[in-house]
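Hydrogens, waters and symmetry mates are skipped; everything else that's a heavy atom, side chains included, is used. Keep in mind that what you see is a predicted model, and the values were worked out from it rather than measured. Just so we're on the same page: letters track the sequence lines, and every chain starts at 1.
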Number of protein chains: 2
Amino acid sequence: MTKQTETIEAQVKIFKALADPTRLEIIRYLNQLDHEVSCGEVDRAMHIGKTSGSYHFKILQAAGLITARKEAREKYVALDQSTFDRYLTHFWQN
Amino acid sequence: MTKQTETIEAQVKIFKALADPTRLEIIRYLNQLDHEVSCGEVDRAMHIGKTSGSYHFKILQAAGLITARKEAREKYVALDQSTFDRYLTHFWQN
DNA sequence: AATATAGTTCAAATATCTTTGAACTATATA
DNA sequence: TATATAGTTCAAAGATATTTGAACTATATT
C-alpha cells in the first residue's frame, strides 16, 4: 500500500470518528475538563446509556482521538491532543 | 437552537463530508492544483462516473469545503480554504 | 457467599450513506 | 436542425453506521 493510501485511510478513520454529534460532544467535554474521567461519568454527562457510550469510546479510541486506561472496574479516558494536532491543525501536511 | 448546537451541527456536516476516501482525494487534488477545474476533469482524474462525482460535489459544497461556479455547460470547482482554516486549523476555537 | 457496580459483547432493528443506470436539462457544435 | 457534451435528478440496490436490551466478565462491597 502506498504512503498516500495509508494517510487517506487514517484520515478517513479520524473524520468518521468526528462525524457524529455525540462523539463531538464527548470530545468537547473531555477538552474542557482537561483531565481523565471514567466512561460512566461521560455517559451520565452526555445522557447516553453505557452500551452506546462503549460503542462511541471504541470508535474514538480506534481513531487515536482518546487514550484509555483501565483501572480495576473503571476505564478512564482523556483526549489525545497529538492526534488533533496532526490531523486537524496540520491537515495539509499529511 | 443554541450557539453550541449550531456549531456542532456545522462541524458534523464538515466532518461527514471529509469522512470518505473519494472526497478526500478530490480535496487533495484540488489543493495541489490550486486553481479551479471542471467537475468532469475531477471525475476523470478520480476515475469515478459523473453521477457519483455529482453526488460528492454536492456534499462538499453543502459543507462549504468547495466553491462552485457554473459557466455555460460546465461547473468549475475549487477549494474554499477559509472553511478548512475555520474548522480544522482552528478546531478548538469553535 | 451474595449482591452491586463498571464496562463489554452480541444480535436485531433502524437509519444513513454510496453506487449505479436511466432519464432529464441546458449548452455547444456540425 | 440534429447530435454531442456537461452535469443533475431520481429510484433502487447494497453497504455502513447507530441504537437498544439482554447476557456477560470482572471487580467491589456487604
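Side chains of Arg28(B) and Gln4(A): a donor-acceptor N/O pair is present below 3.5 angstrom, by distance only.
When all heavy atoms are compared, the tightest approach of Pro21(A) to Val12(B) is N-CG2, 3.6 Å. The heavy-atom pair separating Ala63(A) from Thr83(A) by the smallest distance is O-CG2, 3.9 Å.
Arg73(A) places its CZ atom 6 Å from the C1' atom of dT27(D), with the value rounded to the nearest Å. Taking atom NZ of residue Lys70(A) and atom P of nucleotide dA28(D), one finds them 11 Å apart after rounding to whole Å. As rounded to whole Å, 12 Å separates atom P of dG7(C) from atom CD1 of Ile66(A). Distance Asp43(B) CG to dA6(D) C1': 10 Å, rounded to the nearest Å. Rounded to an integer number of Å, the gap from Glu74(B) CD to dA28(C) C1' is 10 Å.
For Ser38(A), the side chain to side chain contact (heavy atoms under 4.5 Å, CB included) criterion is met by Glu41(A), Glu74(A), Tyr76(A), not counting sequence neighbours.
Val77(B) and Ile48(B) fall within a single hydrophobic cluster, where Ile, Leu, Val, Met, Phe, Trp and Tyr side chains are chained together by heavy-atom contacts under 4.5 Å.
A 4.5 Å side-chain heavy-atom check between Ile14(A) and Phe84(A) finds every atom pair outside the cut-off.
Side-chain nitrogen and oxygen atoms of Lys75(B) include at least one within less than 4.0 Å of the OP1 or OP2 phosphate oxygen of dT8(D).
Within residues 47-65 of chain B, the residues approached by DNA chain C to less than 4.0 Å at the level of any non-hydrogen atom are Thr51(B), Ser52(B), Tyr55(B), His56(B), Ile59(B), in residue-number order. Sorted by residue number, the members of residues 14-31 of chain B with any non-hydrogen atom under 4.0 Å from DNA chain C read Lys16(B), Asp20(B), Arg23(B).
Arg69(B) and Glu71(B) are joined by a salt bridge, as a carboxylate oxygen and a charged side-chain nitrogen come within less than 4.0 angstrom of each other.
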Check your understanding: Which is it for Trp92(A) and Gln81(B) under the side chain to side chain contact (heavy atoms under 4.5 Å, CB included) test, yes or no, and what are the steps along the way?
Key -> CA-CA 11 Å; Trp92(A) 296 113; Gln81(B) 281 292 348; 3.5 Å; yes
